[in-house]
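Note that ligands are numbered from 1 as they come in the structure, with each ligand's atoms numbered from 1 the same way. As the structure is a computational prediction, the values presented were derived from the model and not from experiment.
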Amino acid sequence: MTDLHQIDPPKSIEFDDLYFSADNGLAESKFVFLDGNKLPETWLEPDRFVICETGFGTGLNFLSAWKLFEETTDPQQSLDFISFEKYPLDAEKIGLYLQPWLTFFDGRLQKLVLHYPPKIPGFHRIVLNERVTLTLIFDDINDAIPKLVADVDAWFLDGFKPSTNPDMWSDTVMENMARLSRKGTRLATFTAAGKVRRGLIAAGFFVEKVTGFGRKREMIIGCFAGKET
Ligand SMILES: C[S@@+](CC[C@H](N)C(=O)[O-])C[C@H]1O[C@@H](n2cnc3c(N)ncnc32)[C@H](O)[C@@H]1O
C-alpha cells in the first residue's frame, strides 16, 4: 500500500489538529481501525455488519472499510457505516485531501464526493450501492448519539485527543456506546489515554493497550462484555 501524500495533510480549523497521520494516513487507518477491530476476520460471518465511527472528518476510514469489505465478503453481505461529524468538510475538500488515494479507492472516492450530503444538521442516509450504506450524522455526537438506534458490531473511535476534545470522550458517548453494543462488539482507537480507558471500562468494555501506529507508543482495542440481565 503506497502513500503519495504530496500536499500538506489536512488540519481541522476548529481543533488545530490533523485529520490523519502526516506520515501515512492510509496505513494509519488500516493499522488502527481495520486491524484494531480484527477486520476482515470479524465481518466474514454475519450477513449485515454495522460500524459506528465517532468523527467522519475526510471519510478516509470509511473508504478504507468500504474497499476492504467489498474485497473480502460475499455478495449477499452488507455494510452499514454510521459516522458523526459536528464540523462537516465540503465535498470538494474531501476530494482534494484524499486525492493521493484516488486510484487506490478505485471509484469509491468519486462516488462519496458525488453523494456527499449538504451540510445540514441531522441524519443523512446515503445508499452507495446495494451492499453499502453510509449514515452521516451532522451534529455534536453528544446530542445525536442518544437518538441513534443500531446494533453496532465495531466502533471506530476517532475524535482528536481527549486532552483537546474532551466532548468526544464524554460519559454520554460511552454510555450510549454500551447501549448500542452487544456482547463481543469490538472497538479500536488511536489513543491510549487513561481517561478513555477508564471510561470504556466503566461503560462495560474489556480494553487492552497494544502497540500504536508509527510514533504512537500505544493505542486501545477492546470488546463489549455484554449487558447485565
Ligand atoms: C481525527 S478527525 C477524524 C478523521 C476521520 N475519521 C477521517 O477518516 O478523516 C475527528 C473528527 O471528529 C469531529 N468532531 C470533533 N468533536 C466532535 C463532536 N463533539 N461531535 C461530532 N464530531 C466531532 C471533528 O470535526 C473531526 O472531523
Side-chain angles (χ1 to χ4, degrees), residues 3 5 7-34 36-37 39 51-68 81-101 104-105 108-109 112-113 116-117 119-124 134-148 154-177 187-191 193 195-196 199 212-214 216 219-220:
D3 187 310
H5 222 287
I7 56 172
D8 287 342
K11 203 175 213 189
S12 157
I13 299 165
E14 290 79 12
F15 296 94
D16 192 30
D17 201 348
L18 297 177
Y19 284 102
F20 46 75
S21 156
D23 298 333
N24 192 333
L26 186 59
E28 177 186 45
S29 174
K30 177 183 180 310
F31 184 96
V32 176
F33 298 103
L34 301 180
N37 273 302
L39 299 171
I51 295 175
C52 192
E53 179 184 52
T54 53
F56 187 73
T58 66
L60 178 61
N61 291 337
F62 166 61
L63 289 163
S64 302
W66 177 7
K67 182 171 194 282
L68 186 69
F81 194 102
I82 302 162
S83 192
F84 298 90
E85 182 51 62
K86 185 173 181 181
Y87 305 103
L89 286 165
D90 293 327
E92 300 71 40
K93 281 254 170 69
I94 289 178
L96 178 71
Y97 291 154
L98 300 187
Q99 204 270 338
W101 303 299
F104 177 77
F105 287 128
R108 294 176 182 87
L109 173 56
L112 173 64
V113 168
Y116 192 75
K119 297 197 292 182
I120 297 169
F123 285 52
H124 301 269
L134 169 65
T135 304
L136 266 179
I137 306 168
F138 289 159
D139 202 348
D140 188 312
I141 190 168
N142 290 284
D143 295 330
I145 199 170
K147 299 176 202 154
L148 182 64
W155 291 94
F156 289 12
L157 303 180
D158 197 10
F160 295 132
K161 293 189 287 288
S163 51
T164 49
N165 190 20
D167 286 357
M168 188 52 106
W169 311 93
S170 66
D171 290 349
T172 301
V173 171
M174 307 266 174
E175 282 158 16
N176 279 280
M177 281 178 62
L187 70 86
T189 178
F190 66 93
T191 181
K195 174 186 162 32
V196 172
F213 176 77
K216 291 199 179 114
M219 58 176 250
I220 295 172

Side-chain contact test, heavy atoms from C-beta onward, threshold under 4.5 Å: evaluate it for Ser12 versus Tyr87 and give yes or no.
no
What orientation do Phe56 and Phe62 show, parallel under 30°, tilted 30 to 60°, or perpendicular over 60°?
tilted
Is it the case that ligand 1 has an N or O less than 3.5 angstrom from some N or O of Asn142?
no
Is there at least one pair of N or O atoms, one from Asp158 and one from ligand 1, spaced under 3.5 Å apart?
yes
Could you identify the single nearest non-hydrogen protein atom to atom 14 (N) of ligand 1 and state the distance to 0.1 Å?
Met168 CE, 3.6 Å
Where ligand 1 meets Glu53 - atom numbers and elements under 4.0 angstrom, heavy-atom basis:
6 (N)
Please determine whether a side-chain nitrogen of the Lys or Arg among Lys86 and Glu14 lies less than 4.0 Å from a carboxylate oxygen of the Asp or Glu.
no
Note: ligand 1 atoms sitting under 4.0 Å from heavy atoms of Tyr19 are 1 (C), 2 (S), 4 (C), 26 (C), 27 (O)
Using distance alone, decide if ligand 1 has a nitrogen or oxygen within less than 3.5 Å of any nitrogen or oxygen in Ile141.
yes
Looking at Asn61, Leu18, Ile137, Thr54, the heavy atom closest to atom 8 (O) of ligand 1 belongs to Asn61
Rounded to the nearest 0.5 Å, what separates atom CD in Glu28 from atom CG in Asp23?
8.5 Å
For the residue pair Phe81 and Phe156, categorise the inter-ring angle as parallel (less than 30°), tilted (30 to 60°) or perpendicular (more than 60°).
perpendicular
Output the list of atoms in ligand 1 that are nearer than 4.0 Å to some heavy atom of Asp139, sorted by atom number.
20 (N), 21 (C)
Could you tell me, atom by atom, which parts of ligand 1 come under 4.0 Å of a heavy atom of Gly59?
7 (C), 8 (O), 9 (O)
Under 4.0 Å from a heavy atom of Thr58: which atoms of ligand 1 are those, numbered in the order shown and with their elements?
7 (C), 8 (O), 9 (O)
Counting only heavy atoms closer than 4.0 Å, does ligand 1 sit against the backbone of Phe15, its side chain, both, or neither?
side chain
The test is side-chain contact (heavy atoms from CB on, under 4.5 Å); show your working for Met168 and Phe84 and say whether it passes.
CA-CA 10 Å; Met168 188 52 106; Phe84 298 90; 5.8 Å; no
Can you tell me the protein heavy atom closest to atom 15 (C) of ligand 1 and the distance?
Asn165 ND2, 3.2 Å
Gap separating the CZ atom of Arg108 from the CG atom of Leu63, nearest 0.5 angstrom
8.5 Å
I want to confirm something. Looking only at heavy atoms, which of Gly55, Ser170, Pro166 is nearest to atom 12 (O) of ligand 1?
Gly55
Name the orientation class of the two ring planes belonging to His124 and Phe138 (parallel below 30°, tilted from 30 to 60°, perpendicular beyond 60°).
tilted
Heavy-atom distance to atom 7 (C) of ligand 1: which of Phe138, Tyr87, Phe20, Phe56 wins?
Phe56
Within-shell test, Ser12 vs ligand 1, heavy atom, strictly < 4.0 Å
no
So between Lys161, Glu14, Lys86, whose heavy atom ends up nearest atom 21 (C) of ligand 1?
Lys86
What residue and atom, counting heavy atoms only, is the protein's closest point to atom 24 (C) of ligand 1, and at what distance?
Glu85 OE2, 3.3 Å
Could you state the interatomic distance from CG (Leu148) to OG1 (Thr135), rounded to the nearest 0.5 Å?
8.0 Å
Under the criterion side-chain contact (heavy atoms from CB on, under 4.5 Å), I'd like the reasoning laid out for Ile141 against Asp167: C-alpha separation, chi angles, the key distance, then a yes or no.
CA-CA 8 Å; Ile141 190 168; Asp167 286 357; over 6 Å; no
Among protein heavy atoms, which sits nearest to atom 19 (N) of ligand 1, and what does the distance come to when rounded to 0.1 Å?
Asp140 OD1, 3.3 Å
Say whether, by atom type as modelled, one donor and one acceptor occur between the side chain of Trp169 and the main chain of Met174 under 3.5 angstrom.
no
